[in-house]
Amino acid sequence: MIGHSFLHGGPCLQGLSPAVVHVLLGGSPETATITLEDCPDLDIRETIRLLEGGSILSDKDKQSVQDLANVWDLPFLTENNRRWLFEKMLIHAAKGRVTRQIKQLRRGLKETPMWTLMTQRPDTVALLFPKDVAGNFGAEVLLQRITWPREDDSDDEDCSTETKCRMSGYLRQFITNATPTELANLVKFWTGWEVLPQSLSVEVIEGRYPTASTCFETLRIPGHYKDYTSFKHDILACICTCHTGFGLV
């Protein structure tokens, strides 16, 4: 599927961390450089981040770390093993949890000419598995990837064309004037992940606050807003919830 999409100009497999690509192509796991950004689970990433540095942890933070350590059969957090525990958790989160999937993907690639292509032409790896740096996008790129509500959308039949245009205009204005942090939080709220997908959808609905269906990468905006100020207030409040999970309100 990866090769077929590549040969026919379709989307390639984006979002794989450099560490995973390194191991996938036969590199040693011990020589792979791993950072917190390689951890795909945002909640786990933030828990591991607590161990980074030397700041004093609250009782709540210590409990979060300990709960994760228990799940992965790691020892209790102490003053002496903090750095060691950070590295062990990071390695397991970025590589250990996907070892089986990496092996399966490698086995599948070896059954196709794509493996020969990648091993003999290493420069093609970046084309097959392009880097999509989280948060490395601007308002213009985000706006280009949005499918806006149309007049004939059956899902929005309770909302008038005027309402759809007004809500779309408010969202465009917010994205155009948003800071990089606000754009990143909006994408997290919208998709449950921090990598910008190829396509996003907007629906205008009846409701109180903006919500998101992350699996379908759809942002649902209530049509009751009559001014941009109130819309901006609510959308900012909602996208701040992206740090607690999949961004659903």
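Please read all numbers here as calculations on a predicted model, not as lab measurements.
A donor-acceptor pair shorter than 3.5 Å can be found between the side chains of Gln66 and Asn70. Neither side chain, His22 nor Ser28, offers a donor N or O lying under 3.5 Å from an acceptor on the other. Counted by atom type alone, Asn81 and Thr78 present one or more donor-acceptor pairs between their side chains at under 3.5 Å.
If you take CE on Met118 and CG on Leu109, they are separated by 4.5 Å, rounding to the nearest 0.5 Å. In this structure, Glu217 CD and Ser199 OG are separated by 7.5 Å, a value rounded to the nearest 0.5 Å.
The two atoms that bring Leu142 and Leu200 nearest to each other are CD1-CD1, 3.8 Å, heavy atoms only. Scanning all heavy atoms of the two residues, the minimum distance from Ser64 to Thr47 falls at O-CG2, 3.7 Å.
The cationic group of Arg107 does not satisfy the cation-pi geometry with Trp115, failing either the under 6.0 Å distance to the six-membered ring centre or the 45° limit from the ring axis.
Residues meeting the side chain to side chain donor-acceptor pair (under 3.5 Å) test with Arg100, sequence neighbours left out: none. Remark: Arg83 pairs with Glu87 by the side chain to side chain donor-acceptor pair (under 3.5 Å) rule, at least two apart or across chains.
Distance alone, capped at 3.5 Å, is enough to place a donor-acceptor pair between the Arg145 side chain and the Pro197 backbone. Distance alone, capped at 3.5 Å, places no donor-acceptor pair between the Thr116 side chain and the Met114 backbone. Lys164 places a side-chain N or O within donor-acceptor distance of the main-chain N or O of Arg150, the cut-off being under 3.5 Å. Although no hydrogens or angles enter the test, the distance criterion places no donor-acceptor pair under 3.5 Å between the side chain of Arg45 and the main chain of Asp38. The backbone N or O of His92 sits nowhere less than 3.5 Å from a side-chain atom of Arg97 that would complete a donor-acceptor pair. Using a distance-only test at 3.5 Å, with no hydrogens or angles considered, a donor-acceptor pair links the side chain of Asp41 to the main chain of Ile44. Listed for the Thr191 side chain is no donor-acceptor partner under 3.5 Å among the backbone atoms of Lys188. No donor-acceptor distance shorter than 3.5 angstrom exists from the side chain of Glu206 to the backbone of Gly223, with no hydrogens or angles considered. Panel note: side chain Tyr209, backbone Cys238; no donor-acceptor pair is recorded below 3.5 Å. Under a 3.5 Å cut-off, the side chain of Thr31 and the backbone N or O of Gly27 do not form any donor-acceptor pair.
Surrounding NE2 of His224 are more than 12 heavy atoms belonging to other residues, nucleotides or ligands, all under 6.0 Å away.
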For residues 50-58, run the donor-acceptor check on the side chains, cut-off 3.5 Å, and write out each pair with its distance to 0.1 Å, sequence neighbours left out.
residue: Ser58; atom: OG; partner: Asp61; partner atom: N; Å: 3.2
residue: Ser58; atom: OG; partner: Asp61; partner atom: OD2; Å: 3.2

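Salt-bridge annotation for Asp234 and Arg208: present, with a side-chain N of the basic residue lying under 4.0 Å from a carboxylate O of the acidic one.
Checking Thr211, Ile205, Val202, Ile235 one by one against Ile221, the side-chain contact (heavy atoms from CB on, under 4.5 Å) holds for a single residue, Val202.
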| message | Run Ile239 and Leu186 through side-chain contact (heavy atoms from CB on, under 4.5 Å) and show every step you take. | response | CA-CA 5 Å; Ile239 65 178; Leu186 175 62; 3.8 Å; yes
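For the pair Ile34/Leu90, a side-chain contact is recorded, criterion being any heavy-atom separation below 4.5 Å from C-beta on.
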